[in-house]
Every structure is written in structure tokens, then in C-alpha cells.
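To start, the structure under review is shown below, and the notes come after it.
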Amino acid sequence: MTRHFDRTAVAFCCLLLGPLVHAQAGADEAWLRYQSLPTQAVAGLPHLIATVGRGEVLRTAANELARALGQPATSGGARATLPDALPDQDAFVLGTLKDFEPLFPKLGTRRSMVGDGFWLKTVNRAGRRPLAGSIDSALRRPRKYWLVIGGDERGVLYGTFALLARIAQGEDVSTLDDRETPSAPIRWVNQWDNLDGSIERGYAGRSIFFDNGSVESDLTRAKEYARLLASIGINGCAINNVNADPRLLGPDFLPQLARVAEAFRPWGVRLAISVDLSSPMSAGGLKTFDPLDPQVKAWWQNTVDRIYQQIPDFAGFVIKADSEGRSGPSKYGRTAADAANVIARALAPHHGVMLYRAFVYNHHLDWRDPKADRAKAAFDYFHPLDGKFLDNVVVQIKHGPIDFQVREPVSPLLGAMAHTNQAIELQVTQEYTGQQRHLVYLVPMWKEVLDFDLHVDGITPVKRVVSGQVGKRPLGGYVAVVNVGLDRYWLGHPLAMANLYGYGRLAWNPDLSGEQIAQEWTRLTFGNDRKVLATIPRMLLPSWRMYENYTGPLGLQTLTDITGPHYGPGIESSENNGWGQWHRADPKGVGMDRTVATGTGFIGQYSPQVQKKYESVDACPDDLLLFMHHVPYTFVLDSGKTVIQHLYDAHYAGAEQAATLVEEWKSLDGLIDRARYAEVLRRQEYQAGHAIVWRDAVVNWFHQESGIPDAQGRVGFHPHRVEAEDMQLSGYTPVEVTPWETASGGKAIACTGQSLCSATFKFDRPSGTYDIAVQYFDLNHGESRFDLFVDDRRIDSWAADDHLPSDKMNGHTSTRRTVSGVRLRAGDVLKITGHPDGGEPAPLDYLEIVPDVAASHFSN
Ligand code: GCW
């Protein structure tokens, strides 16, 4: 050994392994369920874990390995400290490159290894001859080491998780020689948590960080979250809403933030916070927050220094300014670069970074102005600032020019900041994509974005721009808005976790495919059963296109209620207001003209090659046609269909597909644990019903607007439907629903001023077996109850106890209950009774009575 090495640095800490441990109670372990590690994969692995070095993250890595492979439950793991020799038995050996080199001088470890990267390597050591007279025969044994070498300590942890993921997937790890380097240094998540414990655009319960104005006293979930994040390579987390509360920078809050940083630290996740630019005034009591004012500069400097005194590894700030009513530098005639740089200068000596969001736009646009276009805003504002930001500033850019719609083109700003660090902002929380009540696997969408060639300098896919490769930038990467909550399954829908997993995997390696990620995630989350492995990816992979089909195809964007909760249909809500999410549908045609020739000129923000793709209506891909062009409904698409027929067909196809997800999932009954099986089934059944609400709303609206019938005669034709308002009503009264397209026939019935109402009708169709769907509204207050009777025989009873995001009858609250396999005879009387509760008037829309094909087939 020629190199000197420090004995303390290479001290070994060993953990002996015992039988497998079992899952803990509490939050779901998502993809880290080690109890299902395949026994044959674990069989040949060593029983000893040794670490080289002593860091906290390194210790976490060793403990994680022990936890996964089975640490003796009683002893808590035998530990021994070996000063400077390698273990005399097969072992995992974990450490950083720096500490490894002296021990393995022949490995060639000095080949470059980037921080956070890792190398998994097996090495064999020949047995040593015993010293003369020695009785220690163990020394003769050849040994094998599984080395987990990190570019830094986090790299060791990531390598450990990677090794475990391979074991869990049944891969042969007996011989390894694999290096991995993350694609980019910034791999962060943002949470939009408020200090009161609510979460903006969070759909999975309350905050794991805050409650009632303070940091939670129990940070168990925060620690578990950090573990999940670390397992997919995430190294930073901003924990509070970008609509930031200035109280966070107050002196009494800092020790509380330090506790969160402490909870994250063992997992290599650095704490960041979102801050409001006006903080020097609101939190600091100054008379101005002008970034160029010397007092303001000094205030930021002091504030940052104070933070680092208590949180030495603090990651930095996220800033939303001059956006949606937030204050910003424009108030003083300053630019984003002026503002960002002042704060960045204060962060720089501590190695902190500043993520400045490019989501800056005017939400009071004039909708009558055909040149006005929100999509142009980020480019118009930031492109002139390219090259003006300091090296520790990263501009955080949403992947599309509007706002996380079901489909958007890539933001042109990503191709226009070659001299600026950039991070792409993605959204795991499904704000515009079904809020985790709908299964939408977003990885294929992100892949399309990341692989999109911006042609700024030869071949420049987005993934090479954000990694910093294209502009040779020191920083760059990925941010996702995640918004996990206290829900047992973190994001509500257990299958939505594929998006969080997929986000981390893509930030690490954007060359992975959506299929690979779906397979990997399914194996880790549900085990290696062949049927499960075939079925779940088959549900995940087409789900984005499916959702697009029944919400807003052809680049229309999600046709949701944009001034409300962004959930159910609300087609006109985007028009005639200043928010700029216009689709410009009128009786003759639909779409936003964003061409250079006749439209807003948005397309001119791309490189000439990309412009060519979008500017002409013929070259423009169908998927984005209506984002880029205004065309008549009769315009013929590449597929040969007219725009209007495509809108109809896509909605029917999407809703049908949503129904098949229920059957797919049911085919896994018995192969998935009961709790997760039931939770997913409940959500898939709901989605199948809500997809019909979406379908009907959109097709009816466009049918009315265009006056063009559906070539297949489906729109407005519901042979199995009985409108509630057409039934014989006792106590119930008909009401108009707003917007009209969210209720069948525009009307529903409500039970007001009574404690019990009923709706009755005589079944006059052939006797047989039927499925009865009751479409009703479940408002976010009250728990109305319903009973369904056939000839006074009660066949079902349920409560409207879901928590849907509105207190009105509309597309957010419309939902259904289905009773399958009901024998009905011609002349039977069907009755629904409704018991209102808490101001919720047991509202009903319609009944759909469909012959039960399976049952008739069986009886034939
Ligand atoms: O998507 C919109 C959301 C806002 C959000 C904003 C943003 C935090 O509707 O809730 O505010 O974007 O990204 O800043």
C-alpha cells in the first residue's frame, strides 16, 4: 500500500445480519417493502456490513442495508469496530471513494466519480496463509466483498438503495461492477405546505411538516419522507408553499426549521424553504424590499447568516415573485436578476442556492386582444435576463408555458437561457390531472418533455439543457411539486406513488423509459408475481393518454374549472377572463392561434426548426393542434377524422378505457394485500364514473356549440338513462345545475326543507338482469344518505361521505353508485329515497339501467 491513510477514517463498523424484519405500522412503505425480498436473491449475500468512515449518512446507509436484509430483532445488530483491516469474512463494505482508495489501491477508484454518484463492485480476496504456528484457520478462507463506493456520502446511500432495489427485483448481484452518476446536481422536491397544516393543491391529507402555525412536534413522517426521497436520489426539499408565509423567517421559527433539517440530515436531504421577496418589510420591519437598497441587502445577508448558524447544510431558497399577486422586484422597477442576485450573494459563501421561479405572468390579460398570450410571458420576461444571474442562481421553469395542463408543448424558455442555470419544474401532485382520484401515470408525459429536441445548438433535448450540459452550466436539474400529506399512502392513491418514484428516477437518469420505470416500481411496490407485473404497468402506461382523451385532447388543455378547484369539467371557465388559459371555442371553430403569421407569435419563441414544426397547420402534430392553431370543427386531422369527431370519439374511448381499469384491477384480487387492493379498487370505480361525467360534459358542450352531430349518434342519446327530474317526485324539486354540462340534461333534483324525499318510476323494459348506476352529487359538507328500492325491497343503501372539492352540484361533485346484477321485471317500481344532511340536499342526477351482459350471457 503506497498511500497513507488515516486510521480513524477507515475504522470499520460492522453489523451482523439475522432473519428478515417485517413491515412497520404507520405510513405505507411504498417501494421500500423489504419484507418481500426474494429469498433466493438474499441467500448468497454476506451477513456482515462494514463501513469505512463515520459520517451520519454513511451510518444510515449501513442501517438501511441491515434493516432490509434482516437485522436481529432482539440485539439490534452486533457491532464491532475493527481498526484498519478488512473483515475476515464475506461482507458488504460501504464508504466514500476518498476513504476507500487506501484500502483498495488496485481498484482504479481514482477514475472520476462525481459527488452523489456510486460504484457497486464485487471483489474477491484470496485466502491468506496462516502465520507459522497460528491456529486461526479463518485467515485461510477466501473472502468476497460487495463494495458500495460513493463519490460522497450521499452516493454511498444512493448506491445502497440501488443495490437493494436490484435484490428486491430478483436480480443476480453476485458479481457487480456498475457505476452510476446522477444526471444533474439539483434533484429537489417542493411541498406547497402552509403553516396552518393545509397544503395548496395537496390531495392526500394535511401537512407532515406544519400544524397550527408551527412545525409539527412529531416529525416521524418527515423522516420517513426523507427516506423515500433518498431512495430515489432526491437531495433537497423545500417544505413550504411558494406562496410563502413571511413568518418562516422570523427568529422564533428558525429553531423549528432546524428540527426539520435534522430529521432530513441522516438521509442526505437538505432543507430548503420558499421565501417571499417582501420579507425585509413583512418580517424585517424595513420600509422597503427594493433588492438594490443597501438596507435590504444587509437584511438578506443577516437573515441568511442566521439560518446557516443553525442549519449549516441549508440548501437555499425558492422564490415566487411578481406572479399571481405575489410581490416582486417590478414594484421598484428591478428585474428578477437584481432580486435573485442580491439573495444569492448572501447564500454563496455558505454554498446555498437560489431557485427563482419563471412562473411570472399577468393574470389580468385582456381576453379580447387576439395578440395577448399568457404562454409567452415567461420567455418575454426571462430571456432578456439570460446571462445576468449569478452562478448559484437557478431559474426554475415549469415544463410547459401555461400550467401543468394535461398536455402542453415544452416551454420555449428552456431553449432560451443558455447562459443561465435552469431546473425544470414538474408536478407530481395531480392538480390538473385528476388529483389522485384518477389514475394518471405521468412519466410518459415527462419523458416526452425531456426528450423533446429544442434545437438550440445541434441536438439539444430538454434533459441535456437542464442537466447543464448544453450551456456547460455549473448547476441545473429537476424540481417536482409533490405535496405528500399525512395520508397512509402519501399521495392518496397508492398507484400515484409511481409518479413520485418515476420523478426521482428520471431526475437521476432521464434516459430510462416509462416502461422500465413502471416495471421497476411495480416489482418494488407489489412484488414479483407475474400477473401483477403484467397488469399494473398495463394500467399505468396508457393512463395519461386516457385521461387526456376524456378531459382535453388535441392540445385543448384540461377543460376544467380553472377558477375553481381545477378538478371536474368547467369548459367555459377559461374564457372571458384575464387568466389566459383560453381555448377560444366558438360556434365555428376552436383553438388558440399562436402562429407568427396570424396569431399571438408564441411559436416565434422557439428555434427555427421547432417553429417549422408548429407554425403550419399541416405540420403541427394533432396532439398540439388546438394549442397552436384556431381551426374550424370540420378541419381534417392527420387521422382523417374531423376535429369535432375526434373530440367525440376521444371522450368515448377514454371513458371506456377508464372502465377497463376496474376490471384489470379486479383481476388481481388475492394477489395484493387487502388494504391496498380495496383502496385502489375504490378509486378506480370512482374514476370510471367520473370519466363519464367528463365525457358527457365535454361532448354535450361541443355538440351544442358546434351544432355538428356525432357521426356515431352517441352524443345526447342515452337509451338506458332515466333523468331524476323525469321521475315521480315526493319532496324533491328539480334544480338547474351550473355549469349546465355537468349534469345530465342540465338539471338535477334536490331535497330541501324536508328530512326525507323520494323519486320513483316504473320499470317498463324487458325483464332481466341489470346493473343500476345512480348518479348523484356528493358535496363537501353533509353526509346525505340514499336507499334504493325495487318494489319496496331495499337493495342498496349508502352515504354521500366522500370529500369532493366543492360545496355545489357540479362536475367536481357528480359521482355514482353502482349496484350490479339486479333482477328486474317489467312493471317493477324503482324508488330512491334521499335523506339530506348538513345542508347537503341528497341531490340526484339520473339513473342508468344497463343490461348486465355477463349475467345474461351466463343465463343463456
Ligand atoms: O398551478 C398554479 C396553482 C397555484 C400555484 C401556482 C404556482 C402555489 O394553481 O396554486 O401556487 O400555480 O405554481 O405558483
Side-chain angles (χ1 to χ4, degrees), residues 188-204 207 209-210 237-246 248 272-278 317-328 330 336 339 355-365 374-375 377-378 381-382 394-408 411 413 423-436 440 442 445 478-485 499 503 551-552 557-568 570 573-574 577-582 805-806 812:
W188 284 22
V189 295
N190 285 179
Q191 287 275 138
W192 288 350
D193 297 28
N194 298 314
L195 268 54
D196 65 3
S198 62
I199 305 178
E200 180 153 349
R201 314 298 175 191
Y203 310 108
S207 173
F209 299 112
F210 305 107
C237 174
I239 59 172
N240 64 308
N241 195 346
V242 287
N243 293 326
D245 190 323
L248 223 73
I273 57 170
S274 297
V275 290
D276 189 273
L277 257 194
S278 70
F317 294 136
V318 180
I319 287 212
K320 171 178 180 179
D322 281 324
S323 165
E324 301 185 330
R326 308 302 298 177
S327 40
S330 65
L355 277 94
Y356 198 102
R357 296 177 83 228
F359 188 61
V360 174
Y361 70 102
N362 168 10
H363 65 281
H364 299 291
L365 285 176
R374 166 169 165 186
Y381 188 77
F382 282 88
V394 181
V395 176
Q396 179 170 323
I397 306 169
K398 287 193 185 184
H399 67 81
I402 299 286
D403 189 11
F404 301 132
Q405 300 300 295
V406 67
R407 187 180 294 266
E408 292 184 45
S411 168
L413 184 59
I424 190 166
E425 183 179 311
L426 306 172
Q427 210 186 31
V428 167
T429 191
Q430 295 171 227
E431 176 180 355
Y432 284 95
T433 49
Q435 305 188 355
Q436 286 106 275
V440 183
L442 292 164
M445 172 167 103
Y478 294 77
V479 177
V481 182
V482 178
N483 295 354
V484 296
N499 288 328
Y503 162 68
T551 58
Q557 308 164 65
T558 319
L559 292 168
T560 190
D561 175 1
I562 71 136
T563 54
H566 301 180
Y567 179 59
S573 67
S574 54
N577 60 42
W579 288 98
Q581 290 186 221
W582 312 312
S806 172
H812 310 303

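Remember, it's 1-based here, ligands and their atoms both numbered in the order they're listed. In what follows, residues are counted from 1 in the order of the sequence shown.
- Taking only nitrogen or oxygen atoms, main chain and side chain alike, Glu431 reaches within less than 3.5 Å of ligand 1.
- Side chains of Glu200 and Asn243: a donor-acceptor N/O pair is present below 3.5 angstrom, by distance only.
- When each atom of ligand 1 is checked for a heavy atom of Asn241 under 4.0 Å away, the hits are 8 (C).
- Counting protein heavy atoms only, atom 6 (C) of ligand 1 is closest to Glu324 OE1, 3.3 Å.
- Checked by atom type, the side-chain pair Gln435/Gln430 shows no donor-acceptor distance below 3.5 Å.
- The closest side-chain donor-acceptor pair between Gln557 and Arg407, if any, does not fall under 3.5 angstrom.
- Atom 2 (C) of ligand 1 has as its closest protein heavy atom Asp403 OD2, 3.0 Å.
- Side-chain contact annotation: Asp276 with Ser327, donor-acceptor N/O pair under 3.5 Å present.
- Of the protein's heavy atoms, Asn243 ND2, 3.3 Å lies nearest to atom 8 (C) of ligand 1.
- With no hydrogens or angles considered, a side-chain donor-acceptor pair links Asn241 and Asn194 at under 3.5 Å.
- Taking every heavy atom of Val242 and a limit of under 4.0 angstrom, the matching atoms of ligand 1 come to 8 (C), 14 (O).
- Defined by atom type and a distance below 3.5 Å, a donor-acceptor pair is missing between the side-chain atoms of His566 and Asp561.
- Regarding atom 12 (O) of ligand 1, its nearest protein heavy-atom neighbour is Lys398 NZ, 3.1 Å.
- Interface atoms of ligand 1 facing His566, defined by a heavy-atom separation under 4.0 Å, are 9 (O).
- Of all atoms in ligand 1, listed by their number and element, those nearer than 4.0 Å to a heavy atom of Phe359 are 6 (C), 7 (C), 12 (O), 13 (O), 14 (O).
- Rounding to the nearest 0.5 Å places CG of Leu355 at 10.5 Å from CZ of Arg357.
- Under 3.5 Å, the side chains of Gln427 and Asn483 contain no donor-acceptor pair of N or O atoms.
- Taking a cut-off of under 4.0 Å to the non-hydrogen atoms of Arg201, the atoms of ligand 1 that pass are 3 (C), 4 (C), 9 (O), 10 (O).
- Checked against a 3.5 angstrom limit, the closest N/O atoms of Gln427 and ligand 1 fall outside it.
- Protein heavy atom at the shortest distance from atom 10 (O) of ligand 1 is Glu200 OE2, 2.4 Å.
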